[in-house]
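Take a look at the structure set out below.
Only a predicted model underlies this, so the values are computations on that prediction, with no experimental measurement involved. Letters go in sequence order (proteins before strands), and every chain restarts at 1.
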Amino acid sequence: MEKKYSPSNLEKKIYEKWMENDCFSPKEFKSNYSIVLPPPNVTGTLHMGHAFQHTIIDILIRYNRMLGKSVLWQPGTDHAGIATQIVVENNLKQSGKTRQSLNRDDFVKEVWKWKEKSGNTIINQTKRIGSSADWKRNRFTMDDELSDAVQKVFISLYDKKIIYRKNRLVNWDIKLQTAISDLEVSNIEKEGLLFFIDYDVVDSKEKITVATTRPETLFGDTAVCINPKDERYMHLINKYIQIPFIKRKVPIIQDESIDMNFGTGCVKVTPGHDFNDYKLGEKHKLDTINILNKNGTLNSEVTKDLVDINIHDARELVLRKLEKENRLVKKEKYKTSIPVGDRSGEIIEPLLTDQWFMKMDGLAEPAIKAVKDGHIKFVPKNWEKVYFNWLENIEDWCISRQIWWGHRIPAWFDNKGNIYVGNDENQVREKYKLDKNLKLTQDQDVLDTWFSSALWPFTTLGWPEETNEFKNFYPTNVLVTGFDIIFFWVARMVMMGLKFTNKIPFKTIYIHGLVRDSEGKKMSKSLGNIIDPIDIIDGINLQDLLDKRTSNLVQPKLEEKIIKKTKIEFPDGIKPYGADALRFCFSALASTGRDINFDLNRIEGYRNFCNKLWNASRFVFMTVDLKEYNQKINYESLSLYDKWILTRLNDIISDYKKHFSSFRFDLIAGSLYSFIWYEYCDWYLEIAKIMIARGVDSTKDTLINSLQLILKLCHPIIPYITEEIWEEMHKRNYTPDELLINSKFPLQQKLFLDNAVSMNVNTVMDIINSIRKTRSDLNIHPKMEVDVYFLSNQPNYESIIKENDFIIQNLAKVNKIFWNEKSYNIKDCITITLKDLKALIPIKKIIDVDQELSRLKKNLSLLESLLDKVNQKINNKDFIEKAPSSIIKENLDKKDNIQKEIISINELMKYLSD
RNA sequence: AGGCGCGUAGCUCAGCUGGUUAGAGCGCCACCUUGACAUGGUGGAGGUCGUUGGUUCGAACCCAAUCGUGCCUACCA
């Protein structure tokens with residue numbers, strides 16, 4: 001083994017070794033375990049969230065592989081329709097081209113080129129993190145097989161009338177010129193104005209005032225609505241009003257949904273440009289008038305002076321016109337929320353268009369049931385509430401998009417607008433028995449990207465073919481994903497899975513938190529706080545980091561701020577920490593359902609941990625000679641400390657399994673960290689040095705044996721370093737297993753169940769600790785040895801101390817140990833009490849009696865306050881009556897021990913004061 | 001408006017089913033370049049667990065209220 005732990009060299013080498021040995025592909029089908037990767041978008045590179053998610057998945061995968069299961073991690077990427085199209089369009093812009101300047105075919109070719117590049121980057125990044133995915137089975141949502149499956153699903157749902165085409169109000173993104181689903185719209189709260197506008201009542205001199213935030217849509221009004229109970233307007237029932245400027249006559253209607261207390265209690269109804277009004281229009285059979293072109297300008301339904309004006313500019317113009325006619329009664333400040341497209345960032349307009357929809361209620365019901373009946377479990381459980389809430393109020397899904405990149409909708413139209421759905425034109429003609437001369441054109445639209453994602457768990461496994469993988473690995477075991485896509489993806493996968501495979505797509509949904517920056521802010525390009533996981537693995541200098549964070553900024557004015565902040569947070573750039581440290585850090589931070597504030601300081605601690613493990617292994621290999629490992633350990637003949645470390649390892653294995661079943665990777669990481677550092681390294685290895693020096697050869701066996709167990713336990717979290725150390729293990733013939741990744745996870749052994757072992761070891765440790773503390777309190781130089789006089793009438797102390805005197809001497813720097821000998825001068829001694837054991841340390845200079853007294857006094861008062869607490873409990877009648885006996889006993893023991901120690905101290909203080 | 005979280009050491013977070021002298025990492029202080037490791041060792045300082053009330057023999061943990069904070073969904077003429 002190399003003397004220095006340097007992750008960058010060994011990680012690349014080890015990954016290649018796994019690939020060469022084909023370690024990631026399942027070799028058979030028995031006790032199958034599978035996870036499908038949530039396919040990253042081919043929009044560029046992976047971020048910390050991906051790295052976190054991939055780490056969690058890989059931990060699960062590696063653990064289950066080591067349990068001896070046939071394991072498949074199915075990887076792949078998503079074409080991410082709109083998102084990818086935007087990226088490629090932006091790239092074209094750099095060379096002065098636009099999507100429209102190419103034709104559709106050429107543009108799609110450009111996107112495929114980009115997909116190759118981005119897809120490869122993503123795969124390579126995923127590999128660097130250590131992901132043991134089956135790369136031979138890598139899939140892309142637009143692969144031929146997956147596209148065929150998408151078509152099959154579309155056609156089948158169309159034939160069942162679950163998919164339908166309709167002219168309906170949808171969210172229209174003016175910038176992207178496409179419909180989007182309601183999930184892709186965010187509402188942003190903004191300070192706005194509420195306008196009060198007078199409309200003329202027909203055949204009357206009366207006016208009626210409506211309140212609106214969108215005066216510019218008045219050209220699309222097809223009614224004015226009041227509450228039927230509103231007495232102010234009773235006399236206007238069955239009358240009409242006239243829309244300003246265009247003088248169209250529209251009815252005054254009544255509906256209970258109108259809030260009499262808001263505004264004037266009188267609402268303009270614009271079914272063509274407002275979702276609520278659309279519903280109201282359907283209910284009252286109103287006309288729907290569209291006043292908007294698809295590019296966001298007004299059409300010929302408005303007054304001539306406003307035609308072709310952008311709708312946002314039109315508001316001011318309409319208000320001015322209204323003012324001129326004295327119709328603008330007043331303006332009020334009003335907080336309103338504005339719909340904004342997630343991808344474009346532009347204001348979304350409700351627009352009447354022809355779109356494809358999927359009818360959702362029938363699909364949602366079984367998806368709700370699958371979770372209610374416990375076939376699918378959410379971890380943590382509370383996310384199921386979010387899931388239910390959405391599914392129970394689900395609306396039909398607009399699945400068509402007016403973009404070029406994606407799965408083209410398999411529908412053809414004739415010139416009368418009839419719809420024919422099928423695999424291709426020929427098949428359609430056959431299916432619908434169409435005349436040869438009937439001209440057909442295929443729908444230009446593509447499907448929403450989430451349509452194909454919804455099929456991902458089974459299409460990647462070969463569905464609709466009955467492949468071995470589909471038969472054996474579906475349903476998958478766990479879906480690991482973020483809460484932000486429960487609606488977009490998780491719920492839809494459940495619905496489609498149940499519909500097409502009659503099975504749930506996964507048994508458990510593990511929802512993880514979002515990775516944020518160290519201040520809890522979301523990592524985003526525009527905030528300039530993104531950290532590339534690869535930069536944590538390989539390191540990056542400050543200049544490169546600054547360049548990365550400030551290139552291609554949407555708002556270049558933020559550059560200065562980003563540079564300043566980055567310089568403060570990373571004055572020297574980022575050091576290379578290696579993938580293992582990053583993974584350990586993620587694991588330690590993966591407490592359920594909580595967002596992660598990623599702090600580089602923390603990762604440093606875990607890199608140090610890797611270094612610790614590295615050096616501990618080096619020590620073990622340096623200590624044990626090549627042929628000294630006896631694989632058949634005779635447990636009974638082991639020393640106390642060998643027994644102890646194996647007992648502790650057994651405990652750790654049992655915790656480990658428990659925590660795995662509840663997905664508490666943080667607890668696993670924590671328990672490994674503290675065990676390896678504070679028990680294995682700080683105590684066991686130090687003791688092993690002493691044992692071996694005394695010729696206890698069986699300790700060598702335990703050194704190797706315990707290190708092997710440790711490596712196995714650590715491997716799922718830190719696969720690289722453990723595999724590298726294992727290489728040495730195998731080289732030395734200490735194990736028949738060539739690769740750790742394929743080795744079997746340790747079983748709990750039923751050894752040493754008597755707790756005498758750990759009790760004795762704990763006593764020795766307590767003794768050593770208190771001597772060390774006292775030495776430190778008195779500033780005794782670490783190298784200076786002292787004598788210790790132990791005094792006690794407890795025979796078990798005698799045997800423990802006498803049997804382990806060499807350990808105490810060595811680890812507490814003690815010269816001579818005396819048992820119940822009184823050849824000391826109390827005035828020269830510093831005293832330690834431990835239950836009913838006293839330890840006296842004579843020090844060379846005469847001690848300062850007052851100082852020693854005050855030291856003891858301090859100790860005493862601490863003990864007395866503890867005793868008070870315990871006494872309060874024990875003297876409480878209710879406590880004795882109601883508390884469980886084990887707790888009572890615990891407290892009684894505690895009282896006993898404290899009292900013994902107090903007595904010892906009092907005795908000493910008495911001696912000293914005399 | 002409704003829902004879900006969060007508030008514990010200077011910072012980032014654990015604390016599992018109510019019983020601990022409330023823990024970890026980083027940072028801080030003192031001593032130590034001891035043969036695995038200074039990316040280290042030994043010892044230490046640092047907390048009225050947001051606030052108030054309640055339940056309980058016993059509350060960081062359960063309940064209620066409240067303050068602060070974050071997110072999600074819906075509505076908004």
Selection from [options] that lies nearest to any side-chain heavy atom of [X]:
X        : options             : answer
A:Lys783 : B:U73, B:C57, B:U33 : B:U33
A:Leu667 : B:A14, B:G5, B:G19  : B:A14
A:Leu685 : B:A36, B:G19, B:G43 : B:A36
A:Phe483 : B:C71, B:U39, B:G5  : B:C71
A:His659 : B:C16, B:A36, B:G19 : B:C16
A:Lys612 : B:U21, B:C4, B:C37  : B:C37
A:Cys681 : B:A36, B:G43, B:G19 : B:A36
A:Lys3   : B:G70, B:U39, B:C37 : B:C37
A:Arg664 : B:G44, B:G25, B:G15 : B:G15
A:Lys773 : B:G43, B:U73, B:C37 : B:G43

Problem - Over-ring placement of A:Lys689 relative to A:Phe619, 6.0 Å and 45° cut-offs - result: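 A:Lys689 over A:Phe619 ring: yes.
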
Problem - Residue-level proximity of residues 190-199 of chain A to RNA chain B when a heavy atom falls under 4.0 Å - result: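 Listed by number, they are A:Leu194.
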
Check the distance between [N]'s [atom2] and [X]'s [atom1] and give it to me in whole angstrom.
X        : N     : atom1 : atom2 : result
A:Asn876 : B:C57 : CG    : C1'   : 5 Å
A:Phe675 : B:A24 : CZ    : C1'   : 17 Å
A:Ile687 : B:A36 : CD1   : P     : 15 Å
A:Ile676 : B:U39 : CD1   : P     : 20 Å
A:Phe584 : B:U12 : CZ    : P     : 21 Å
A:Tyr387 : B:C4  : OH    : P     : 19 Å
A:Glu881 : B:G19 : CD    : P     : 22 Å
A:Glu2   : B:A36 : CD    : P     : 19 Å

If you look at every strand shown and take non-hydrogen atoms under 4.0 Å, does [X] touch a base, only sugar-phosphate, or nothing?
X        : result
A:Lys873 : sugar-phosphate
A:Glu686 : base
A:Arg602 : base
A:Arg772 : sugar-phosphate
A:Asp682 : sugar-phosphate
A:Phe621 : nothing
A:Tyr606 : nothing

Problem - From A:Arg315 atom CZ to A:Arg214 atom CZ, the distance as rounded to the nearest 0.5 Å - result: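 Atom-to-atom, A:Arg315:CZ and A:Arg214:CZ are 6.0 Å apart.
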
Handout entry: Spatial distance of atom CD1 (A:Ile574) from atom CD1 (A:Ile537) [nearest 0.5 Å]
Key =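 CD1 of A:Ile537 is found 11.5 Å from CD1 of A:Ile574.
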
Below the 4.0 Å mark, does [N] have OP1 or OP2 next to a side-chain nitrogen or oxygen of [X]?
X        : N     : result
A:Asn769 : B:G43 : yes
A:Lys894 : B:U21 : yes
A:Asn891 : B:G19 : no
A:Trp390 : B:G2  : no

Problem - Derivation and outcome, side-chain contact (heavy atoms from CB on, under 4.5 Å), residues A:Ile725 and A:Leu613 - result: CA-CA 9 Å; A:Ile725 298 168; A:Leu613 179 61; 4.2 Å; yes

Exercise for the section: Can you check whether any acceptor in the base of B:A36 is under 3.5 Å from a donor in the side chain of A:Lys689, or vice versa? Expected result: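 By the distance-only test, yes, there is a pair.
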
Practice task
Measure distances between side-chain N and O atoms of A:Lys385 and base N and O atoms of B:C4, and say whether any donor-acceptor pair falls under 3.5 Å.
Solution key: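 Checked by distance alone, the answer is no.
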
Problem - Centroid-centroid distance, A:Trp677 to A:Tyr673, less than 6.0 Å - result: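 That pair passes the under 6.0 Å test.
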
Practice task
Determine whether the aromatic ring centres of A:Phe262 and A:Tyr334 lie less than 6.0 Å apart.
Solution key: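 Yes: the rings meet the under 6.0 Å criterion.
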
Exercise for the section: Please test A:Tyr5 against A:Trp614 for ring-ring contact (aromatic ring centres under 6.0 Å, His included), starting from the C-alpha separation and ending with a verdict. Expected result: CA-CA 6 Å; A:Tyr5 166 58; A:Trp614 181 263; 5.6 Å; yes

Handout entry: Residues in salt bridge (charged side-chain N to carboxylate O under 4.0 Å, His left out) contact with A:Asp277, at least two apart in sequence or another chain
Key =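 Counting only residues at least two positions away or on another chain, A:Asp277 forms no salt bridge (charged side-chain N to carboxylate O under 4.0 Å, His left out).
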
Rounded to whole angstrom, note down the [atom1] distance from [N] over to [M].
N     : M     : atom1 : value
B:A36 : B:A45 : C1'   : 30 Å
B:G68 : B:A24 : P     : 34 Å
B:G5  : B:A9  : P     : 22 Å
B:C75 : B:C6  : P     : 28 Å
B:A59 : B:G50 : P     : 15 Å
B:U51 : B:A14 : C1'   : 24 Å
B:G3  : B:G40 : P     : 48 Å

Handout entry: Basic-acidic side-chain contact under 4.0 Å: A:Arg732, A:Glu728
Key =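 A:Glu728 and A:Arg732: salt-bridged.
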
Problem - Flag for A:Tyr684-A:Glu679: side-chain donor and acceptor within less than 3.5 Å - result: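 Result is no, nothing qualifies.
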
Handout entry: Polar contact flag, side-chain donor to acceptor under 3.5 angstrom, A:Thr217-A:Lys268
Key =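 Distance-only check passes for A:Thr217 and A:Lys268.
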
Problem - Toward the 5' end of RNA chain B, by each residue's nearest nucleotide, A:Ala616 or A:Lys882 - result: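 Whichever sits nearer the 5' end wins; that is A:Ala616.
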
Handout entry: 5′-ward residue of the pair A:Asp666/A:Lys869 relative to RNA chain B
Key =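 Looking at the nearest nucleotide for each, A:Asp666 comes out on the 5' side.
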
Handout entry: Sole candidate of A:Tyr387, A:Trp383, A:Tyr510 that passes ring-ring contact (aromatic ring centres under 6.0 Å, His included) when paired with A:Phe483
Key =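 Among A:Tyr387, A:Trp383, A:Tyr510, the one that satisfies the ring-ring contact (aromatic ring centres under 6.0 Å, His included) with A:Phe483 is A:Trp383.
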
Practice task
State which residue, out of A:Tyr656, A:Phe52, A:Phe660, fulfils the ring-ring contact (aromatic ring centres under 6.0 Å, His included) condition with A:Phe665.
Solution key: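 Answer after filtering A:Tyr656, A:Phe52, A:Phe660: A:Phe660.
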
Handout entry: Range-with-range stems for RNA chain B, at least three Watson-Crick or G-U pairs under 3.5 Å
Key =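 So the stems come out as B:1-7 with B:67-73, B:10-13 with B:23-26, B:28-32 with B:40-44, B:50-54 with B:62-66.
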
